[in-house]
Number of protein chains: 2
Amino acid sequence: MYKISKQREWIYTYMLEHPGQHFSAEDIFAGLNEMGKTVSLATVYRNLKILQNEHRIGSLMLTSGKQVFDQTCRPHDHLICTHCHRVYDVDMTYDRSLERKAENQLQLPIESHSLILYGICADCLKER
Amino acid sequence: MYKISKQREWIYTYMLEHPGQHFSAEDIFAGLNEMGKTVSLATVYRNLKILQNEHRIGSLMLTSGKQVFDQTCRPHDHLICTHCHRVYDVDMTYDRSLERKAENQLQLPIESHSLILYGICADCLKER
DNA sequence: ATAAATGCAAACCTTTTGCACCCTA
DNA sequence: TAGGGTGCAAAAGGTTTGCATTTAT
């Protein structure tokens, strides 16, 4: 179905090579072009959507309404720093039993959940 | 500082009169105009922002990137139905101790959190 | 050869803003 | 009567789409 295009591989590789970061389409567009790998913004958007459909990457909608993409689509929580506004992946706190607990409390089937923690990240904490 | 304008009261009252619902600016714009209360969309947006700054209402960014507004800004969770995509307020599951638990696990100060549960709402469950 | 992918520009959607006019304290 | 507030239309973001061209299989 899909062909292997160099642009799609650039985009995916770019994400894997920056672990822990969360990118907007614009970030990836700018990052690749700086490396001399010319891609159009439309292609970045199209491929991010394809990679997501293939479950190779995940995404997150920020309260600003901007979408950012994640290297992985494995279930995990996020920490958003209230100082620098960076987004971090957090595996340690991820707790599937929240869903069972909610099911019991609400008496409704719960399939998944999304938890965002707001606090101060390690970097910002160090700087003070 | 702020003056009482009839438009602002219409908007706020409209939200209070539809408890449990979550509105986009467009929803409120359309709803009020249907009632013969003419408001411009720009005024709806401006006033929703003001009401939010005054902590009279809350808001939530959906994964679609659309912002919806909530009658209250008291901390609570949300249930999003994976069938009808309606958004529900959920107080029963809200658990501030998640923040203390995360603080211990991450060793970082956590100020707040946001939990969205994805499942089947009571209405959709009934229909099957 | 042909189905898929790309680049470009135009279109879209939601939200914000500038400005002239209006209204409320 | 002054400083908010409103409506309108234009602008601003971010994302998607149409179309002609290029590329992988």
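Chain letters run A, B, ... following the sequence lines, proteins first, then strands; residues in each count from 1.
- Partner of B:N47 under the side chain to side chain donor-acceptor pair (under 3.5 Å) criterion, out of B:Q7, B:Q52, B:R8: B:R8 alone.
- Rounded to an integer number of Å, the gap from NZ of A:K66 to C1' of C:dC13 is 17 Å.
- Straight-line distance from the CD atom of A:E9 to the P atom of C:dA5: 12 Å, rounded to whole Å.
- Here the CE atom belonging to A:M35 is positioned 9.5 Å from the CH2 atom belonging to A:W10, to the nearest 0.5 angstrom.
- Following rounding to the nearest Å, B:K37 (NZ) and D:dG7 (P) show an atom-to-atom distance of 14 Å.
- For C:dA5, neither phosphate oxygen OP1 nor OP2 lies less than 4.0 angstrom from any side-chain nitrogen or oxygen of A:S5.
- Ring pair A:H18/A:F23 is perpendicular by interplanar angle, where above 60° counts as perpendicular and below 30° as parallel.
- One interatomic measurement links the two molecules: CZ of A:R8 to C1' of D:dT23, which rounds to 12 Å at whole-angstrom precision.
- As rounded to whole Å, 5 Å separates atom P of D:dT6 from atom CD of B:Q7.
- Of the options B:L79, B:I120, B:L117, a side-chain contact (heavy atoms from CB on, under 4.5 Å) to A:L108 is made by B:L79 and by none of the others.
- A:E26 comes within 4.0 angstrom of no nucleic acid atom, judged by non-hydrogen atoms across all strands.
- Between the P atom of C:dG7 and the CD1 atom of A:I11 lies a distance of 9 Å, rounded to the nearest Å.
- One can place CG of A:L41 at 16 Å from C1' of C:dA5, the figure rounded to the nearest angstrom.
- Residue A:K3 has no polar side-chain atom (N or O) positioned under 4.0 Å from OP1 or OP2 of D:dT25.
- Using a 3.5 Å distance cut-off with no hydrogens or angles, the side chains of A:D91 and A:H76 do not pair a donor with an acceptor.
- Not less than 6.0 angstrom separates the ring centroid of A:F29 from the ring centroid of A:Y45.
- Rotation axes derived from the C1' atoms of the five outermost pairs at either end of the helix from C:dA1-D:dT25 to C:dA25-D:dT1 lie 30° apart, to the nearest 10°.
- Set against D:dG7, C:dG7, C:dA5, the side chain of A:S40 has C:dG7 as its closest nucleotide.
- Aromatic ring centres of B:Y118 and B:H85 lie farther apart than the 6.0 Å criterion allows.
- Taking the centre of each ring, A:Y88 and A:H78 stay at or above the 6.0 Å mark.
- Of the residues in residues 42-52 of chain B, those placing a heavy atom less than 4.0 Å from an atom of DNA chain C are B:A42, B:Y45, B:R46, B:K49, in numerical order.
- Between B:I4 atom CD1 and D:dG4 atom P there is a gap of 14 Å when expressed in whole angstrom units.
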Exercise for the section: Take A:T72 and A:D70, measure what side chain to side chain donor-acceptor pair (under 3.5 Å) needs, and give me the verdict at the end. Expected result: CA-CA 5 Å; A:T72 172; A:D70 211 322; over 6 Å; no
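- Residue contacts shown for A:S24 are absent, as no nucleic acid heavy atom lies under 4.0 Å away.
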